[in-house]
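First comes the structure, then the notes that go with it.
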Amino acid sequence: MRPEPAPAARRPLVVGYYGMDNVGDNAFCVVLDWAMRVYWGAREPIFAAPPLVDLPEDRTGMDPRWYARSGVTGRAGTLLNKAALLRHSSMVVFGGGSVFREMGPLSEKKLFSLFSRVSGHPMAAVGVSVGPFLSSAAERRLLEVLRRIDFIGVRDLASAELLRGADYPGRLVPAGDLAGLLPEALGEPVPTGAPRAAPRGRARLGVTLLGVDYEAADEESRLREDALIEGVRALVLKEPVDLTVFVFNTHPVHGDERVSQRLQAAVDGLCDVRTVTARDGVRACWDEMKRCDLGLHMRLHGAVFAYLAGVPFTLVPYQKKCDDFLDEIAQPAARRLARVPRDPAEVSRILAAMLTDDAVPGLARADFADRARLNFTRAPWALDAAADPSTR
């Protein structure tokens, strides 16, 4: 007989950087919906997100009109909507991503912290990164909130060290990126470590590009964009390679559609080109990624999807989180690019080598998945927590 879930886990409200038309963040929601039910016994998880392709309608509680409005009206509407969701929740879960880098004086995180303090309902954070903080004021405000969170599962060791140095008083678990559980959440077996066979006939290259890099100078972004697009064009001119363009972010301001269209135009008439976007959903992106034979990615979760699918890839490490991921999985050195690639020939060379090279990352994908699982199995309200002394 399945044990009763802890009262706190029955109706968690999951908050994060949702509603921004981003496949990586939407994948967190897919994983959380599955994992909280399996490992915590959650019955009615609700996401502070607008409707998503991959979740049933009753799982998302945000009115999409607030995401279409900017300024005070949009922020106020979003906050009031989330406050209404809090009234019926049993706990708050910060679900995935880099949500603890910035916090203004009127941040919604204050609302969540106040709710927890007044109601006695716990707060948790799973699969998150903490820092690097964007300002000393943000650090002070965030640490005040973080110290009130009962359980934090972090996806990188740097975050764990930061929290230990800040004397975080709750339960801290070095875990992994939530996306490690995506295949299981979609009903597929844990991937094996067997290397993918070399493609027969025409190969398919999967690409995610980044539309906006807020941490790079305009000239750097232009040089990198030129090198990647020209490198892909050189590859398809030289090798029998077709292209799948993944638009992992379709947000009108922060998204990747402009640069993705530029890539498509550069190879027009040279090869078969498919396009799949965030509007098609997480499952569609995952299924198309599995059809690829090699990958070139700027979006971190484009690389994570490729890794989980057993697709050889190279990742442009535009942020530290990308280098952290490559270090964690022990990516072969021959497949690593610079933060700002400038030579299209180098891009093309690395991609062409993957057509015959059988090297694989050093970390088995099952181990990557197991690290992600710790976000849930080591939580105090996990269904088997009573039998696991490490959760006490």
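Because the structure is predicted, anything quoted here is derived from the model rather than measured. These numbers come from the heavy atoms of this one structure, side chains and all, not from hydrogens, waters or symmetry mates.
Sorted by first and then second residue, the pairs that involve residues 9-34 and meet ring-ring contact (aromatic ring centres under 6.0 Å, His included), not counting sequence neighbours, are Phe28-His301, Trp34-Tyr39. Listed by first and then second residue, the side chain to side chain donor-acceptor pair (under 3.5 Å) pairs that reach into residues 83-97 come to none, sequence neighbours excluded. Screening residues 108-126 for side chain to side chain donor-acceptor pair (under 3.5 Å), with sequence neighbours left out, gives Lys82-Glu108. Residue pairs meeting the side chain to side chain donor-acceptor pair (under 3.5 Å) criterion with at least one member in residues 236-246, sequence neighbours excluded: Arg202-Asp242, Arg204-Thr244. Each salt bridge (Lys or Arg N to Asp or Glu O under 4.0 Å) pair with one or both residues in residues 140-161, not counting sequence neighbours, appears once here: Arg155-Asp177.
The two residues Ile46 and Asp58 have their closest heavy-atom pair at CD1-O, 3.4 Å. Residues Leu296 and Leu337 share a closest heavy-atom pair of CD1-CD1, 4.0 Å. Contact detail for Gly211 and Asp256: the closest heavy-atom pair is N-OD1, 2.8 Å.
In this structure, Asp54 contributes its side chain and Val282 its backbone to a donor-acceptor pair below 3.5 Å. Looking at Trp40, its side chain does come within 3.5 Å of a backbone N or O of Phe376 through a donor-acceptor pair. Looking only at distances, a side-chain donor or acceptor of Thr314 sits under 3.5 Å from a matching main-chain atom of Arg335. Checking side-chain atoms of Asn26 against main-chain N and O of Asp21 turns up no donor-acceptor pair under 3.5 Å. Judged purely by atom type and a 3.5 angstrom limit, Arg283 uses its side chain to pair as donor or acceptor with the backbone of Leu186. A side-chain donor-acceptor contact under 3.5 Å links Arg101 to the backbone of Pro132. The closest donor-acceptor contact from the side chain of Asp287 to the backbone of Ala284 lies at 3.5 Å or more, if one exists at all. A donor-acceptor contact shorter than 3.5 Å links the side chain of Ser159 to the backbone of Val130. Judged purely by atom type and a 3.5 angstrom limit, Thr377 uses its side chain to pair as donor or acceptor with the backbone of Arg373.
One finds the CG atom of Leu300 at 10.5 Å from the CG atom of Asp323 (value rounded to the nearest 0.5 Å). Atoms CD1 and CZ, from Ile329 and Phe368 in turn, are 7.5 Å apart once rounded to the nearest 0.5 Å.
Glu139 is linked by a side-chain hydrogen bond (donor to acceptor under 3.5 Å, both in side chains) to nothing, counting only residues two or more places apart in sequence or in another chain. Listed by chain and residue number, nothing satisfies the side-chain hydrogen bond (donor to acceptor under 3.5 Å, both in side chains) test with Asp343 (two or more places apart in sequence, or in another chain). Contacts of Asp324 classified as side-chain hydrogen bond (donor to acceptor under 3.5 Å, both in side chains), with partners at least two apart in sequence or in another chain: Lys320. Evaluation of the side chain to side chain contact (heavy atoms under 4.5 Å, CB included) rule for Asp63 yields Arg65, Trp66, Asn81 as partners, not counting sequence neighbours.
Hydrophobic cluster of Leu114: the remaining members, joined at side-chain heavy-atom separations below 4.5 Å, are Val118, listed by chain and number. Tyr214 shares a hydrophobic cluster with Val212, Val253; the chain of contacts runs through ILVMFWY side chains whose heavy atoms sit under 4.5 Å apart. Within the hydrophobic cluster formed by Ile, Leu, Val, Met, Phe, Trp and Tyr side chains joined at under 4.5 Å, directly or through other members, Leu157 stands alone, with no partner residue.
Here Phe94 and Phe100 bring their ring centres to under 6.0 angstrom of each other.
Ion pairing between Arg339 and Glu215 fails under the 4.0 Å rule for side-chain N and carboxylate O.
Between Cys29 and Leu52 the shortest side-chain heavy-atom distance falls below 4.5 Å.
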